Amino acid sequence: MAEAGLANRVERYDPRAIERKWRDRWEADDLYRVRDDAPGEKWYSLTMYPYPSGILHVGHWYAFAVPDVFARLQRMRGRNVLFPMGFDAFGLPAENAAIRNRIHPAAWTFDNIATMRAQYRQMGAMIDWSREVVTCTPEYYRWNQWLFLRMLERGLAYRANGAVWWCPKDQTVLANEQVLEGNVCERCGSEVYRRDLEQWYFRITDYAEELLRDAEPLDWPERVKTMQRNWIGRSEGARLRFRLETGDDLEVFTTRPDTVWGATFMVLAPEHPLVPAITSEAQRPAVEAYVEQARRQSEIERQSTDATRPKTGVFTGGYAVNPVTDERIPVWIADYVLMGYGTGAIMAVPSGDQRDFDFARAFDLPIRVVVQPEGEPPLDPATMTEAYAGDGVLVNSGPMTGKRVPEQVPEIVAWLAESGRGEAEVTYRLRDWLISRQRYWGTPIPVVYCDACGIVPVPDDQLPVELPLDAEFTPTGQSPLVSHAAFLHTACPRCGGPARRETDTMDTFVDSSWYWFRYTSPDDVSGPFDPAKAAAWTPVDLYCGGIEHAILHLLYARFFTKVCRDLGLVEHGEPFLRLRNQGMILAEEGTKMSKSRGTQVAPDDLVREYGADTLRLHLMYLGPWEQGGPWNNRGLDGMQKFIRRAWTVVQETADGPFDGTAPEEADALRRLTHRTVERVTTDLDDFQFNTMVAALIEFVNELMRLKGTAVARTPEWREALRTLALLMAPSTPFVAEELWERLGGDYSVHHQAWPVADPALTARALVEVVVQVAGKVRDRLLLAPDAPEAEVRAQVLALPKVAAALSGEPRKLVYVPGRLVNVVP
RNA sequence: GCCGGGGUGGCGAAAUGGCAGACGCAGCGCACUCAAAAUGCGCCGACCGCGAGGUCGUGCGGGUUCGAAUCCCGCUCCCGGCACCA
């Protein structure tokens with residue numbers, strides 16, 4: 001009978017039943033509802049919201065379940081934690097899926113959201129769904145429009161000509177990703193080309209300096225900061241003025257104003273506005289042909305072309321005057337000069353710049369040495385094989401000859417400025433943000449075009465400009481909204497006359513540039529968010545997401561935050577104080593997971609078989625979270641085994657009685673418990689989830705070893721079991737709740753305080769100290785961690801193994817208390 | 001080309017100046033079982049040795065140190081980012 005009773009008491013671990021039970025209970029109790037006024041210091045943990053692409057794969061779990069562990073730790077520490085969730089619901093894939101399957105993008109999107117929402121519930125993440133944000137709803141994108149209008153008022157949104165892809169057959173603009181290799185339209189296969197069209201831009205370049213400077217103190221991965229720094233691309237130099245023979249001034253930007261005496265020709269970007277004016281009649285056909293050919297290449301293509309590609313270009317027939325030498329120098333055009341950077345024109349100094357050197361050699365243009373490296377034989381233009389861009393002394397440089405560079409560059413710039421030839425300038429690589437998209441599934445840009453009044457913003461009280469759901473979005477070669485008469489034709493808000501709406505929509509990166517503010521007041525109808533609530537919750541304390549957003553999203557989000565600050569909506573200028581990037585989960589063979597090749601791993605099947613807790617642990621245990629790596633199914637069994645062992649220990653020993661004594665063993669157990677608390681806590685704080693799990697496993701392994709001994713009847717054992725449930729709560733929320741209940745704890749384990757390690761108990765009473773002779777381990781000693789050196793020395797030298805390895809007196813003895821002794825012969 | 005990150009058992013990894021390989025997977029052995037599964041316990045870098053034990057070992061070559069996977073110099077391979085930005 002007794003045996004049967006015992007067998008009944010030890011239930012089998014059944015993840016499906018346990019997880020269903022607690023999921024229902026938590027939802028019924030609204031366990032994860034976040035209250036603005038709850039006690040505790042606020043903690044805003046944010047994970048990049050997903051695109052509703054269909055179903056969750058393990059990558060989504062990796063990105064979300066692991067940060068959930070961290071957020072749960074903060075909550076148990078007594079913080080008031082916001083850990084919200086939403087969907088980045090506008091975008092190209094919905095439109096493409098709609099065209100392919102003939103369903104409406106809205107239907108496709110909301111179906112996917114429903115599926116994915118249910119999957120996130122499986123995960124056991126502590127999401128407060130009442131704060132969910134879905135960006136394709138008018139309640140959300142209305143505020144994209146509102147923010148756009150505020151930016152328009154301040155000149156931060158503007159309309160300008162920009163080069164875009166144009167398909168002559170479909171008569172439409174194409175997105176960059178619709179242009180296939182060889183500059184071919186993805187729909188009709190026609191050759192496409194660049195065309196200047198008016199587009200909307202955000203003036204992010206106004207914030208270039210601030211974006212650069214404010215990134216420095218952020219607790220972000222260094223590589224992300226470096227990528228942003230490079231993207232912004234600050235260059236110090238000077239703007240110099242050259243006089244053209246047509247009478248126009250031609251301005252150039254250079255980082256080497258000290259080399260202007262070596263400028264022997266000039267090069268303009270093919271699109272430069274002065275090209276037609278400076279071109280001679282004799283050269284005009286060649287110039288026009290070159291300009292036309294350059295137009296067919298995208299800016300991206302031109303920028304990313306290998307720098308070793310042979311230089312191409314054409315002489316315009318025109319000349320400029322070098323402002324310091326008064327020499328007449330030829331003006332060329334070449335596609336290695338980019339219209340979008342600096343002034344779109346350069347002074348070419350072939351002796352000091354490799355590109356100019358290559359160009360000069362290709363077209364037999366003069367080269368003059370102006371910087372001579374010190375202590376080297378004089379450079380000779382006739383025999384040089386490459387440009388010299390290093391330090392040195394100026395030669396052939398009129399009054400500045402003999403100046404050392406770079407030390408004396410400021411003096412040279414001052415001299416140039418005094419004589420009116422130019423001035424110091426800082427230039428950035430960053431371009432303004434082109435937000436127009438000739439696409440349907442996005443936020444309509446809230447302006448109208450009136451023949452009488454021009455561009456007229458839609459007044460705030462007419463927002464949102466709703467995206468019509470009955471638009472014909474199958475491909476006709478036209479932007480969908482253009483053919484929607486009821487949308488297109490409207491009355492001018494200013495004069496009441498007939499007007500046309502803007503039919504372009506906004507880049508979906510606009511949606512994600514402020515969404516975390518919306519979580520703080522998702523139902524606000526008076527503004528994008530409630531400034532008081534935003535002030536209470538933001539900036540975000542911890543932002544988690546993929547490294548692929550290192551530049552665009554994170555830069556745009558920082559820009560929007562600064563704009564919101566300048567609009568008086570928030571006080572801070574940086575949205576995310578701490579950033580962590582998860583690595584990518586790859587398919588088992590180490591390649592990217594792919595839907596089409598069937599290498600995606602579906603978490604639902606794994607949850608059915610193992611439960612969410614096991615899957616969460618497995619993802620944490622795969623390796624360092626910031627590194628990612630190939631998926632494997634096998635490790636799941638190990639994690640399941642760990643949970644079952646924890647389960648077994650608790651089931652078998654939870655009922656006590658805990659009235660026994662075992663002085664030495666109980667003391668050792670307490671020390672182990674506290675040491676485990678310390679390891680788990682510091683590993684979680686350091687985002688080292690894999691070693692955190694290892695600490696839990698070691699703890700359970702030890703409890704397994706001890707469960708049949710007297711120590712399992714002591715109060716210390718009860719403390720150990722309760723601590724185990726608490727330490728498991730963030731990682732395995734379901735089974736931890738079940739164990740906690742079994743241990744008689746108050747509901748819920750997720751409302752308990754995180755255990756704190758007592759430093760007096762984390763130290764071992766005795767430690768094994770390694771004894772080395774000449775750096776080789778010869779023996780070990782059990783010593784108190786603070787044993788005095790004299791005593792240790794005597795003990796060590798008395799060891800037979802040490803004596804054997806040593807002849808005579810040691811030269812030296814190194815003692816690191818609690819670690820090792822090294823005897824140096 | 002420039003800037004990051006990395007190279008440790010059969011595999012994922014740990015150790016960031018102090019016992020290399022914690023922990024897990026796989027494998028092997030034992031117990032339980034009629035048997036298998038499940039579970040529990042043990043072994044598990046290479047070489048030499050019957051054994052006690054010894055020698056070697058963290059991509060390669062050097063250096064610093066009583067002591068190096070860890071720090072420094074040089075090289076090599078892999079991954080990521082940027083790349084004609086004047």
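Being a predicted model, the structure only gives us computed values, none of them experimental. Computation of the quantities below employed the complete heavy-atom set of this structure, encompassing side-chain atoms and omitting hydrogens, waters and symmetry-equivalent molecules. Note on naming: letters A, B, ... go to the chains in the order of the sequence lines (proteins, then strands), and numbering restarts at 1 for each one.
- An OP1 or OP2 oxygen of B/A13 is reached within less than 4.0 angstrom by a side-chain nitrogen or oxygen of A/Gln627.
- At whole-Å resolution of the value, CZ in A/Arg234 and C1' in B/A86 are 16 Å apart.
- Among the atoms of the strands shown, none is found under 4.0 Å from any heavy atom of A/Lys225.
- With respect to the salt-bridge test (charged N to carboxylate O, under 4.0 angstrom), the residues A/Glu702 and A/Arg705 qualify.
- Between A/Arg429 and B/A83, a side-chain N or O to OP1/OP2 separation shorter than 4.0 Å is present.
- Distance from the side chain of A/Thr226 is smallest for B/C3 among the nucleotides B/G81, B/C3, B/A86.
- Protein atom CG of A/Asn230 is 11 Å distant from nucleotide atom P of B/C3, rounded to whole Å.
- Nucleotides B/G74 and B/G80, compared at atom C1', are 24 Å apart to the nearest Å.
- No side-chain donor-acceptor contact under 3.5 Å links A/Gln582 to the backbone of A/Trp625.
- Note on A/Met704: only backbone sugar-phosphate atoms sit closer than 4.0 angstrom, heavy atoms only; bases stay farther off.
- With P as the reference atom, B/A26 and B/A37 are 13 Å apart, rounded to whole Å.
- Taking 4.5 Å as the limit, every side-chain heavy atom of A/Asp356 sits out of range of all side-chain heavy atoms of A/Met347.
- Of the C1' atoms belonging to B/A52 and B/C60, the separation is 36 Å, rounded to the nearest Å.
- For A/Arg644 and B/A38, the shortest distance from a side-chain N or O to OP1 or OP2 is not below 4.0 Å.
- Look at the P atom in both B/G17 and B/C71: the space between them is 8 Å, to the nearest Å.
- Every residue two or more places apart in sequence or in another chain that forms a salt bridge (charged side-chain N to carboxylate O under 4.0 Å, His left out) with A/Glu216 is listed here: A/Arg229.
- Cation-pi geometry between A/Lys311 and A/Phe363 is not met: the NZ or CZ atom fails to fall both under 6.0 Å from the ring centre and inside 45° of the normal.
- With rounding to whole Å, A/Asn581 atom CG is found 14 Å from B/G5 atom P.
- Nucleotide B/A86 holds its C1' atom 13 Å from the CE atom of A/Met339, rounded to whole Å.
- Contact of the A/Leu268 side chain with the A/Leu250 side chain is registered, since non-hydrogen atoms from C-beta on lie closer than 4.5 Å.
- Below 30°, between 30° and 60°, or above 60°: for A/Trp433 and A/Tyr556 the angle between ring planes is below 30°, a parallel geometry.
- Taking 90° from 0 as the syn/anti boundary, the base of B/G6 is oriented anti.
- Only the P atoms considered, B/A31 is 30 Å distant from B/G21, to the nearest whole Å.
- The distance from atom CG of A/Leu268 to atom C1' of B/A86 is 13 Å, rounded to the nearest whole Å.
- The backbone N or O of A/Val735 lies less than 3.5 Å from a partner atom in the side chain of A/Asp613, making a donor-acceptor pair.
- A/Tyr13 meets the side-chain hydrogen bond (donor to acceptor under 3.5 Å, both in side chains) test with no other residue; sequence neighbours excluded.
- A tilted orientation is assigned to the rings of A/Tyr336 and A/Phe359, their planes being inclined by 30° to 60°.
- Only the C1' atoms considered, B/G18 is 22 Å distant from B/G9, to the nearest whole Å.
- B/U58 sits 16 Å from B/C77 when the C1' atoms are compared, rounded to a whole Å.
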Below 3.5 Å is the cut-off: list the nitrogen or oxygen pairs between protein and nucleotides 62-65 of chain B, distance only.
none

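- Between the P atom of B/C11 and the CH2 atom of A/Trp631 lies a distance of 21 Å, rounded to the nearest Å.
- Using a 4.0 Å heavy-atom cutoff across all strands shown, A/Pro624 reaches sugar-phosphate atoms only and no base atom.
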Review point. With the sugar-phosphate defined as primed atoms, P, OP1 and OP2, and the base as all remaining atoms, what B/S/- string results for nucleotides 17-29 of chain B, 5' to 3', for protein heavy atoms under 4.0 Å?
Key: -BB--BBSS----
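- Looking at heavy-atom distances under 4.0 Å, A/Arg229 makes no contact with the nucleic acid at all.
- Spacing between atom CD of A/Gln688 and atom P of B/A14 amounts to 8 Å, rounded to whole angstrom units.
- Ranked by how close their nearest RNA chain B nucleotide is to the 5' end, A/Lys801 and A/Ile346 are led by A/Lys801.
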Practice item. Output, in order, the C-alpha distance, side-chain angles, deciding distance and verdict of side chain to side chain contact (heavy atoms under 4.5 Å, CB included) for A/Gln795 and A/Val821. Key: CA-CA 11 Å; A/Gln795 276 199 51; A/Val821 179; over 6 Å; no
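- For A/His272, the side-chain hydrogen bond (donor to acceptor under 3.5 Å, both in side chains) criterion is met by no residue, not counting sequence neighbours.
- Along RNA chain B, the nucleotide closest to A/Trp231 and the one closest to A/Arg705 are compared, and the more 5′ of them pairs with A/Arg705.
- Note that CG of A/Leu703 is 7.0 Å distant from OG1 of A/Thr673, once rounded to the nearest 0.5 Å.
- We find the CZ-CD distance between A/Arg239 and A/Glu251 to be 4.5 Å, quoted to the nearest 0.5 Å.
- Protein atom CG of A/Leu619 is 14 Å distant from nucleotide atom P of B/A13, rounded to whole Å.
- Listed by first residue number, the stems of RNA chain B with at least three Watson-Crick or G-U pairs below 3.5 Å are B:1-7 with B:76-82, B:10-12 with B:23-25, B:27-31 with B:39-43, B:45-48 with B:53-56, B:59-63 with B:71-75.
- Atom C1' of B/C41 sits at a distance of 49 Å from the matching atom of B/C75, rounded to the whole Å.
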